[in-house]
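Notes for the one structure printed next.
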Amino acid sequence: MDPLPTGPPQDPAAAPQPHRSADPASRALAWSLLQGARHATLAVLDEAGWPMTSRIGLQLGADGVPLALLSDLALHSRALCRDPRAALLIDGPANARGSPLSGPRLSLQVRAAPADPSLRPAQAADWRRRDPKAAIYLGLSDFRFWRLEPVGGLLNAGFGRAHLMTPADLAAPDTPA
């Protein structure tokens, strides 16, 4: 057995890069994960600057940008009001091996902003059509939609298949780049 490495850690810039550029297959998989998402893990920075995660409802808006339905009372909503930088983790279906780490997943860096209130009726109708049980939240006055505009991301499509994603890579397939 080889001994453990000693000395200073290797310079990360000199190490082989494990991430590939996006290609048509990775773009298609990322878009499939976005389209199928009904929930995600949202990461925000709390008021002390520490990361905090929460599971949220998520769907794509009519323009292909992820939408979240969040309560104004939630800590993550307050955090987004202070700092719109956030991250999302969207898990794909587990594959036959059964391990959640062997299935595809998409990590996104996003900039959050409250959605235009004039769009709420159409957004609520679309949301309810995809998730009828959300009707109760849609009827509460403290819930509103947030746009989560991707600024970058990483698609892990399986072992040895990690792709860096740009906003253009994450746009709806019929959206011009």
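Start at 1 with the first residue, then count along the sequence. Computed from heavy atoms alone, side chains included, the values below leave out hydrogens, waters and symmetry copies.
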Candidate pair Arg85 and Asp83, rule salt bridge (charged side-chain N to carboxylate O under 4.0 Å, His left out), full reasoning: CA-CA 6 Å; Arg85 295 174 301 157; Asp83 186 339; 2.7 Å; yes
I'd like to know whether Leu89 forms a side chain to side chain contact (heavy atoms under 4.5 Å, CB included) with Leu106, so could you lay out the CA-CA distance, the side-chain angles of the two residues, the decisive distance to 0.1 Å, and finally the verdict. CA-CA 6 Å; Leu89 175 62; Leu106 181 62; over 6 Å; no
Let's go through Val151 and Gln109 carefully: what are the C-alpha distance in whole Å and the side-chain angles of both, what is the deciding distance for side chain to side chain contact (heavy atoms under 4.5 Å, CB included) to 0.1 Å, and is it a yes or a no? CA-CA 6 Å; Val151 297; Gln109 296 164 313; 3.7 Å; yes
Run the salt bridge (charged side-chain N to carboxylate O under 4.0 Å, His left out) check on Arg147 and Asp116 step by step: do they pass? CA-CA 9 Å; Arg147 286 175 51 87; Asp116 179 344; over 6 Å; no
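Annotation for Arg27 and Ala22: closest pair NH2-O, 3.5 Å, computed over non-hydrogen atoms. In this structure, Ala30 and Leu155 approach most closely via the heavy-atom pair N-CD2, 4.3 Å. For the residue pair Trp146 and Leu70, the shortest heavy atom distance occurs at CD1-CD1, 3.6 Å. The shortest non-hydrogen separation linking Glu47 to Arg82 is N-NH2, 3.0 Å. The two residues Gln59 and Asp126 come nearest to each other via the heavy atoms OE1-O, 3.9 Å.
Using a 4.5 Å heavy-atom cutoff, the side chains of Val65 and Leu148 are not in contact. Taking 4.5 Å as the limit, some side-chain heavy atom of Val44 sits within range of a side-chain heavy atom of Leu42. Annotation: side chain of Leu33 is not in contact with side chain of Asp91 (no heavy-atom distance under 4.5 Å). Taking the side chain as every heavy atom from C-beta outward, Leu60 and Pro66 approach each other to under 4.5 Å.
Between Trp127 and Phe145, the gap from one ring centroid to the other is short of 6.0 Å.
A donor-acceptor pair shorter than 3.5 Å cannot be found between the side chains of Asp72 and Ser77.
Under the 4.5 Å side-chain heavy-atom criterion for ILVMFWY residues, a single connected hydrophobic cluster contains both Leu88 and Leu75. Hydrophobic clustering (ILVMFWY, side-chain heavy atoms < 4.5 Å, transitive): Leu67 and Leu108 are in distinct clusters. Cluster membership check: Leu138 shares its hydrophobic cluster with Leu140, using side-chain heavy-atom separations under 4.5 Å among Ile, Leu, Val, Met, Phe, Trp and Tyr. Residues Phe143 and Leu73 fall into different hydrophobic clusters, defined by Ile, Leu, Val, Met, Phe, Trp and Tyr side chains chained together at heavy-atom separations under 4.5 Å.
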What pairs of donor and acceptor atoms, side-chain ones from residues 49-58 against any protein atom, are under 3.5 angstrom apart with sequence neighbours left out?
from: Ser54; atom 1: OG; to: His76; atom 2: ND1; distance (Å): 3.3
from: Arg55; atom 1: NH2; to: His39; atom 2: ND1; distance (Å): 3.1
from: Arg55; atom 1: NH2; to: His39; atom 2: NE2; distance (Å): 2.9

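For the side-chain contact (heavy atoms from CB on, under 4.5 Å) criterion with Leu154, the lone passing option out of His163, His19, Met165, Arg105 is His19.
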